[in-house]
Amino acid sequence: LAKVYAQTPNPDWNKVVAYCDAVTAFGYDLVPDFASLFQVSGKNNIESIWETQFDGNVHQNWVAGMNTPFMWGDWKKFNIPSHTIVAAFDAEGDAVRKAASIKFVDVSWTDDYWPQPVPVIYKYNDPDGKSNTYRLRYADILLLKAEALTELNKLGNTPDGAQYYINKVRHRAKLGDTPATTQAALRLAVEKERQLELAFEGHRWYDLLRTNRAIPVMNAVKDGQGNPLNYNVTEAKLYFPISQDEIDNNPAINN
């Protein structure tokens with residue numbers, strides 16, 4: 001419900017805070033070691049709210065198979081970390097979350113944007129396909145509360161302020177307090193923290209849509225040499241197209 005009230009066209013930030021607090025009341029907390037979240041021994045931990053369970057059937061766990069070099073041999077992967085996310089980790093000095101999220105490996109294939117070694121997603125790293133996939137974890141809720149408090153202009157480094165919850169997540173990653181203090185700066189600080197904390201967990205696109213940041217962020221993406229990739233994202237491109245079959249069946253669907 002916290003996420004629902006944040007995603008509505010006119011978010012109810014007070015309800016977001018209330019439902020984030022309700023999640024906290026269930027007893028969830030951050031695990032001390034970020035990397036342990038993605039180890040088989042760390043499954044279903046105190047931070048985990050909802051995760052898809054995998055039992056070692058490699059044909060079941062397509063998420064891991066598409067992303068990591070540890071399953072199904074050395075075939076080319078569909079999803080390679082971007083220069084943007086690697087640069088974001090490096091710019092923040094975020095060695096802890098980078099090491100648990102991305103691994104550089106020598107592979108037999110070439111990539112259009114990366115020389116050897118090539119970065120691969122490391123959050124699904126069990127070679128036997130036993131890595132679970134998080135759908136919701138408590139760090140997401142803490143940062144969502146920070147976003148809500150920012151929008152409510154409650155900005156301090158106390159339990160009723162946005163900085164407090166950003167810093168709680170940053171401290172687990174061995175980073176210092178956020179330097180952001182204004183509402184505008186904290187909006188970007190929350191965006192960045194969610195990008196680094198939740199990388200490859202399926203939240204980034206929805207975050208950018210929710211905050212109306214998808215167009216400027218996507219159009220600013222560059223390759224490894226700093227050249228714009230020229231995605232030319234427009235408002236219309238933020239939506240999946242309606243299939244031609246549906247239009248043929250019901251021409252009024254476009255109205």
Side-chain angles (χ1 to χ4, degrees), residues 2-3 6-7 16-17 19-20 23-24 28-39 42-52 63 67-68 79 81-103 119-125 131-151 157 159 161-180 185-211 213-214 217:
K3 294 181 79 71
Q7 295 280 166
V16 174
V17 171
Y19 282 115
C20 285
V23 174
T24 298
Y28 293 106
D29 202 356
L30 299 180
V31 302
D33 177 17
F34 181 79
S36 72
L37 286 165
F38 310 102
Q39 297 165 3
K43 286 185 176 186
N44 304 306
N45 52 71
I46 196 170
E47 185 170 340
S48 174
I49 298 171
W50 179 22
E51 59 185 273
T52 301
V63 173
N67 289 291
T68 76
N79 300 310
S82 67
H83 286 274
T84 299
I85 186 61
V86 173
F89 279 119
D90 291 342
E92 198 63 24
D94 191 348
V96 170
R97 290 183 293 197
K98 181 183 178 183
S101 304
I102 297 171
K103 187 176 181 67
V120 294
I121 296 171
Y122 196 49
K123 282 185 171 178
Y124 316 100
N125 55 43
S131 296
N132 282 355
T133 304
Y134 289 107
R135 306 301 181 184
L136 286 171
R137 57 185 177 89
Y138 189 52
D140 178 5
I141 298 300
L142 289 176
L143 292 173
L144 194 63
K145 183 175 180 178
E147 182 177 335
L149 291 171
T150 296
E151 295 305 319
N157 192 19
Q163 289 168 279
Y164 180 87
Y165 298 97
I166 298 173
N167 291 337
K168 187 176 178 69
V169 174
R170 286 176 61 84
H171 292 169
R172 197 255 300 268
K174 311 302 182 188
L175 296 172
D177 289 355
T178 176
L186 280 164
R187 283 174 174 149
L188 294 178
V190 170
E191 178 184 303
K192 177 179 65 177
E193 213 58 43
R194 291 182 64 83
Q195 178 189 26
L196 301 179
E197 174 71 24
L198 302 170
F200 318 126
E201 295 182 43
H203 299 281
R204 174 72 166 164
W205 182 243
Y206 300 100
D207 289 348
L208 294 177
L209 290 178
R210 180 177 68 253
T211 57
R213 290 271 295 154
V217 169

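This chain uses plain numbering: 1 for the first residue, then up along the sequence. Below, each value reflects all heavy atoms present in this structure, side chains not excepted, and no hydrogens, waters or symmetry copies. Bear in mind the structure is a predicted one, so any value in this text is a computation, not a measurement.
Atom CD in E147 sits 4.0 Å away from atom CZ in R210 (nearest 0.5 Å). With rounding to the nearest 0.5 angstrom, the OH atom of Y134 is 4.0 Å from the CG atom of N45. The CG atom of D177 sits 5.0 Å away from the CG atom of N157 when rounded to the nearest 0.5 Å. The structure places CZ of R204 at 10.5 Å from CG of L198, a figure rounded to the nearest 0.5 Å. In this structure, NE2 on H83 lies 11.5 Å from CG on D90, to the nearest 0.5 angstrom. A distance of 10.5 Å separates CD1 of I121 from CD of E201, quoted to the nearest 0.5 Å.
Under a 4.0 Å N-O distance rule, the pair E193/R97 qualifies as a salt bridge. Taking a cutoff of 4.0 Å between a charged side-chain nitrogen and a carboxylate oxygen, R187 and E151 qualify as a salt bridge.
For the side-chain contact (heavy atoms from CB on, under 4.5 Å) test with L175, the passing option among V96, D94, I166, V169 is D94; the others fail. Test I141, D140, L142 against V23 for side-chain contact (heavy atoms from CB on, under 4.5 Å) and you get one pass: I141.
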- Kindly indicate, with the supporting measurements, whether the criterion salt bridge (Lys or Arg N to Asp or Glu O under 4.0 Å) is fulfilled by K98 and E92. CA-CA 10 Å; K98 181 183 178 183; E92 198 63 24; over 6 Å; no
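For the pair E51 and N44, the minimum side-chain heavy-atom distance is below 4.5 Å. Within the 4.5 Å cutoff, the side chain of Y165 has heavy atoms near those of the P159 side chain. Between E191 and D207, every side-chain heavy-atom pair lies at or beyond the 4.5 Å cut-off. Side-chain contact between I102 and F200: present, with at least one pair of heavy atoms (C-beta onward) separated by less than 4.5 Å. When side chains are defined from C-beta on, L30 does not count as touching I46, because their heavy atoms never get closer than 4.5 Å. No side-chain heavy atom of P81 sits less than 4.5 Å from a side-chain heavy atom of Y122. Here the side chains of H203 and K3 are in contact, with some heavy-atom distance below 4.5 Å.
Heavy-atom minimum distance, Y138 versus T24: OH-OG1, 2.6 Å. Nearest heavy-atom pair across A180 and A189 is CB-CB, 3.8 Å. The two residues K123 and E197 make their nearest non-hydrogen contact at NZ-O, 3.2 Å. A pairwise comparison of heavy atoms in R172 and A139 identifies NH2-CB, 4.0 Å as the closest pair. Closest approach of A6 and V16 over heavy atoms only: N-CG2, 3.5 Å.
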